[in-house]
Amino acid sequence: MSGLQYFDLEGMVAVITGASRGLGRGFAIALAGAGAFAVCVARNETMLVETVSLIEKAGGKASFLTGDFSETGEIKAVIDSIAARYGRIDILVNSAGTEIPKMLQDVTEADYDTIMNTNLKGVYFSCQAAAKHMIVQGGGKIINIGSLASHIGLAKATVYTSSKGGVLQLTKALAVELAQHNIQVNAIGPGYFLTDMTAPFFADPAHRSWIESKIPAGRIGKPEDLAAAAIFLSGSGSDYITGQIIYVDGGWLAG
């Protein structure tokens, strides 16, 4: 039998949060390209329509639902609606995220809540809502999106770093708890990728030069660089892998 079977997602239902742009859109395109039906979730309907259009033009299958995954009530409603509509949820990719770069002394409680509610609280309750359906159906795959900040500290990112460190520990704890239900929980830790959220970091030529100097591969990441990791963690080839984070960073952490 071909080894490609381990990367075949045909017939699976994949829910991707934050799929309206950036890395989330890239994950949705990648999973749909491997055969999954990609259900794209985010707040911006116009951009979600663009994501679905890109997938369908490439021959994939997709739909979208609008939802704010910083609100626990909306999370449960959206996840339950998807499960009811499509009969199952095989893959969950928690890609929704946000950042407000500020020095410690300038961070407000509103800043803290905005970042934490999306990056950690939203991920937590998204996992909870999806896991309930995965347990009933006998298994599933959860992929959380970490960061270099899951492993290292970054200035002007104390809240963001706290949230992404939490995502890594949540991934490990869920992996232990859900293993008995044949649910694998892993994470992907992207390095520096050019997206709408990270664009301000690259606007400063000196800071961009510093970033690029730290990447042994010699370039900033592109969303498609994450495709293979997402497909691998979604397919049967990762059935005995859980509680791990795969850094896709061009060698940043190794350097």
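Note that the numbering runs from 1 along the sequence shown for the chain. Bear in mind the structure is a predicted one, so any value in this text is a computation, not a measurement.
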S.K.: Give the minimum heavy-atom separation between Arg88 and Asp90, together with the two atoms involved.
M.R.: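 So the minimum-distance heavy-atom pair works out to NE-OD1, 2.7 Å.
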S.K.: Got Met116 and Lys121 here, is their nearest side-chain heavy-atom distance under 4.5 Å?
M.R.: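 Met116 does not reach Lys121 side chain to side chain.
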S.K.: Per the side-chain contact (heavy atoms from CB on, under 4.5 Å) rule, which among Leu120, Ile245, Ile145 passes with Val167?
M.R.: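 Of the listed options, the one satisfying the test is Leu120.
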S.K.: If you group Ile, Leu, Val, Met, Phe, Trp and Tyr by side-chain heavy-atom gaps below 4.5 Å, do Leu168 and Val176 land in one group?
M.R.: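 No.
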S.K.: Checking side-chain contact (heavy atoms from CB on, under 4.5 Å) for the pair Val49/Phe64: CA distance, chi angles, key distance, verdict?
M.R.: CA-CA 7 Å; Val49 169; Phe64 75 87; 3.7 Å; yes
S.K.: Applying side-chain contact (heavy atoms from CB on, under 4.5 Å) between Ile142 and each of Ile183, Thr242, Asn186, report the one that passes.
M.R.: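 With Ile142 as partner, Ile183, Thr242, Asn186 yield a single side-chain contact (heavy atoms from CB on, under 4.5 Å), made by Ile183.
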S.K.: Can you find a pair of side-chain heavy atoms, one from Phe193 and one from Leu226, that are under 4.5 Å apart?
M.R.: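 In short, these two side chains touch, coming nearer than 4.5 Å.
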S.K.: Tell me whether Ser234 contacts the main-chain N or O of Ala230 through its side chain, where contact means a donor paired with an acceptor under 3.5 Å.
M.R.: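 Such a contact is found between Ser234 side chain and Ala230 backbone.
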S.K.: Which of parallel (below 30°), tilted (30 to 60°) and perpendicular (above 60°) describes Trp210 and Tyr192?
M.R.: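 Trp210 vs Tyr192 ring planes: perpendicular.
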S.K.: Just by distance, do the side chain of Thr51 and the backbone of Ala19 share a donor-acceptor pair under 3.5 Å?
M.R.: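 Yes; judged by distance alone, with no hydrogens or angles, the pair exists.
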S.K.: Would you call Val52 and Glu56 a side-chain contact if the rule is heavy atoms closer than 4.5 Å?
M.R.: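 The answer is yes, as the side chains (C-beta and beyond) meet within the 4.5 Å cut-off.
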S.K.: Do Ile211 and Phe202 make a side-chain contact, defined as non-hydrogen atoms from C-beta onward lying under 4.5 Å apart?
M.R.: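 Answer yes - side chains close enough.
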S.K.: To the nearest 0.5 angstrom, please state how far the CD atom of Gln105 sits from the OG1 atom of Thr158.
M.R.: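 Between atom CD of Gln105 and atom OG1 of Thr158 there are 9.5 Å.
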S.K.: Can you confirm whether more than 12 heavy atoms, excluding those of Arg43, are under 6.0 Å from its CZ atom?
M.R.: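 Counting neighbours around CZ of Arg43, 12 or fewer heavy atoms of other residues, nucleotides or ligands fall under 6.0 Å, so no.
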S.K.: Just do the side-chain contact (heavy atoms from CB on, under 4.5 Å) check on Arg85 and Leu65 with the steps written out, would you?
M.R.: CA-CA 11 Å; Arg85 182 180 301 183; Leu65 281 173; 3.8 Å; yes
S.K.: Please work out which of the three classes, parallel, tilted or perpendicular, describes the rings of Tyr86 and Phe37, given edges at 30° and 60°.
M.R.: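 Rings of Phe37 and Tyr86: tilted, 30 to 60°.
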S.K.: Quick one about Lys141 and Ser238 (side-chain donor to acceptor, distance below 3.5 Å, no hydrogens or angles considered), yes or no?
M.R.: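 On atom types as modelled, these side chains qualify, holding a pair under 3.5 Å.
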S.K.: Is there a side-chain contact between Phe69 and Val123 (heavy atoms, below 4.5 Å)?
M.R.: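 The answer is no; the side chains never approach within 4.5 Å.
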S.K.: Under 3.5 Å, is there a donor-acceptor pair between the side chain of Ser150 and the main chain of Lys164?
M.R.: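 At least one qualifying donor-acceptor pair exists.
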S.K.: Can Ser147 and Tyr160 be said to form a side-chain contact (heavy atoms from CB on, under 4.5 Å), step by step?
M.R.: CA-CA 9 Å; Ser147 163; Tyr160 181 82; 3.7 Å; yes
S.K.: In sequence, state the C-alpha distance, the side-chain angles, and the governing distance for Lys172 and Glu177, and then conclude on salt bridge (Lys or Arg N to Asp or Glu O under 4.0 Å).
M.R.: CA-CA 9 Å; Lys172 292 178 180 180; Glu177 184 169 321; over 6 Å; no
S.K.: How about Gln180 and Asn182: does a side-chain donor come under 3.5 Å of a side-chain acceptor?
M.R.: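 No, because no side-chain N or O of Gln180 sits under 3.5 Å from a partner of the opposite role on Asn182.
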S.K.: Could you tell me whether the side chain of Asp249 and the main chain of Leu253 form a donor-acceptor pair under 3.5 Å?
M.R.: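 Judged by distance alone, yes, a pair lies under 3.5 Å.
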S.K.: Donor-acceptor pair, distance only, cut-off 3.5 Å: does the side chain of Ser209 make one with the backbone of Pro205?
M.R.: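 Judged by distance alone, no pair lies under 3.5 Å.
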S.K.: Is there a side-chain contact between Ile143 and Leu92 (heavy atoms, below 4.5 Å)?
M.R.: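 No. Closest side-chain heavy atoms not under 4.5 Å.
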S.K.: Okay, side chain of Glu74, backbone of Gly67: is any donor-acceptor separation there less than 3.5 Å?
M.R.: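 Absent.
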S.K.: Is it possible for you to say whether Leu174 and Phe125 belong to one hydrophobic cluster, with membership spreading through side-chain heavy-atom contacts below 4.5 Å?
M.R.: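 Same cluster: Leu174 reaches Phe125 through Ile, Leu, Val, Met, Phe, Trp or Tyr contacts under 4.5 Å.
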S.K.: Do other residues, nucleotides or ligands put more than 12 heavy atoms under 6.0 Å from the NZ atom of Lys156?
M.R.: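 Not buried by this count: 12 neighbours or fewer within 6.0 Å.
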S.K.: Using a 4.5 Å cut-off on heavy atoms from C-beta on, say whether the side chain of Gln184 contacts that of Leu233.
M.R.: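 Result no, sub-4.5 Å side-chain heavy-atom pair not found.
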S.K.: Identify the two heavy atoms, one from Ile79 and one from His133, that lie closest to each other, and give their separation to 0.1 Å.
M.R.: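 Minimum heavy-atom contact is CG2-CD2, 3.9 Å.
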S.K.: Nearest 0.5 Å, please: how far is OH in Tyr247 from CG in Leu148?
M.R.: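 Atom-to-atom, Leu148:CG and Tyr247:OH are 7.5 Å apart.
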S.K.: Restricting to non-hydrogen atoms, name the atom on Ile75 and the atom on Ala129 that form the minimum distance, rounded to 0.1 Å.
M.R.: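 The pair with the smallest heavy-atom distance is CG2-CB, 4.4 Å.
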S.K.: Could you walk me through whether Ser236 and Asp239 pass the side-chain contact (heavy atoms from CB on, under 4.5 Å) check?
M.R.: CA-CA 5 Å; Ser236 62; Asp239 283 353; 3.7 Å; yes
S.K.: Measure the spacing between CD of Gln128 and CG of Leu178 and express it to the nearest 0.5 Å.
M.R.: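 One gets 10.5 Å once the value is rounded to the nearest 0.5 Å.
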S.K.: Search all heavy atoms of Ala14 against all heavy atoms of Ala36 and return the closest pair with its distance.
M.R.: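 Heavy atoms only, the tightest pair is CB-CB, 4.1 Å.
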S.K.: Does Gly26 offer a backbone N or O that forms a donor-acceptor pair with the side chain of Glu224 under 3.5 Å?
M.R.: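 Side chain of Glu224 to backbone of Gly26, a donor-acceptor pair under 3.5 Å: no, none is there.
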S.K.: Judged by atom type as modelled, is there a donor-acceptor pair below 3.5 Å linking the side chain of Glu71 to the main-chain atoms of Gly73?
M.R.: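 No; judged by distance alone, with no hydrogens or angles, the pair does not exist.
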S.K.: Measure the OH-CG distance between Tyr124 and Asn117 for me, rounded to the nearest 0.5 Å.
M.R.: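 These two atoms lie 15.0 Å from each other.
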S.K.: Return the CE to SG distance between Met134 and Cys127, rounded to the nearest 0.5 Å.
M.R.: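 Met134 CE to Cys127 SG: 8.5 Å, rounded to 0.5 Å.
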S.K.: Ignoring hydrogens and geometry, is there a side-chain-to-backbone donor-acceptor pair from Thr161 to Ala157 under 3.5 Å?
M.R.: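 Here the side-chain-to-backbone pair exists.
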S.K.: How long is the straight-line distance from CD of Gln5 back to CG of Asp8, given to the nearest 0.5 Å?
M.R.: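 So the CG of Asp8 and the CD of Gln5 are separated by 8.5 Å.
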S.K.: With no hydrogens and no angle check, do the side chains of Thr171 and Asn144 hold a donor and an acceptor under 3.5 Å apart?
M.R.: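 A pair is found: one side chain offers a donor N or O, the other an acceptor, under 3.5 Å apart.
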S.K.: Look at Arg219 together with Asp225 and state whether they make a salt bridge at an N to O cut-off of under 4.0 Å.
M.R.: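 Here Arg219 pairs with Asp225 in a salt bridge, since their nearest N and O are under 4.0 Å apart.
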S.K.: Under a 4.5 Å cut-off applied to non-hydrogen side-chain atoms, are Val248 and Ile246 in contact?
M.R.: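 With C-beta onward as the side chain, the pair touches.
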S.K.: Against Phe27, only a single residue in Ile188, Ile91, Asn94, Thr17 fulfils side-chain contact (heavy atoms from CB on, under 4.5 Å); can you say which?
M.R.: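 Exactly one option meets the side-chain contact (heavy atoms from CB on, under 4.5 Å) with Phe27, and it is Ile188.
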S.K.: Should Ile82 and Ile55 be regarded as members of a common hydrophobic cluster, given that ILVMFWY residues are connected when their side-chain heavy atoms come within less than 4.5 Å of each other, either directly or indirectly?
M.R.: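 In one cluster: no.
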S.K.: Is the closest side-chain donor-acceptor distance between Asp111 and Thr114 under 3.5 Å?
M.R.: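 Per modelled atom types, Asp111 and Thr114 side chains form no pair under 3.5 Å.
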S.K.: Are Ile29 and Ile16 connected in the hydrophobic side-chain network, where two residues link if heavy atoms are under 4.5 Å apart?
M.R.: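 Different clusters.
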S.K.: Are Glu50 and Arg25 within salt-bridge range, i.e. N to O under 4.0 Å?
M.R.: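 Arg25 and Glu50: salt-bridged.
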S.K.: Assess the side chains of Ser163 and Asn119: does a donor N or O sit below 3.5 Å from an acceptor N or O?
M.R.: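 Their side chains do contain a donor-acceptor pair, which is all the 3.5 Å distance test asks for.
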S.K.: Are Lys61 and Glu10 within salt-bridge range, i.e. N to O under 4.0 Å?
M.R.: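 Between Glu10 and Lys61 there is a salt bridge, with a charged N closer than 4.0 Å to a carboxylate O.
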S.K.: Can you get from Leu23 to Ile231 by hopping between Ile, Leu, Val, Met, Phe, Trp and Tyr side chains that sit under 4.5 Å apart?
M.R.: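 Linked, Leu23 and Ile231 end up in one cluster.
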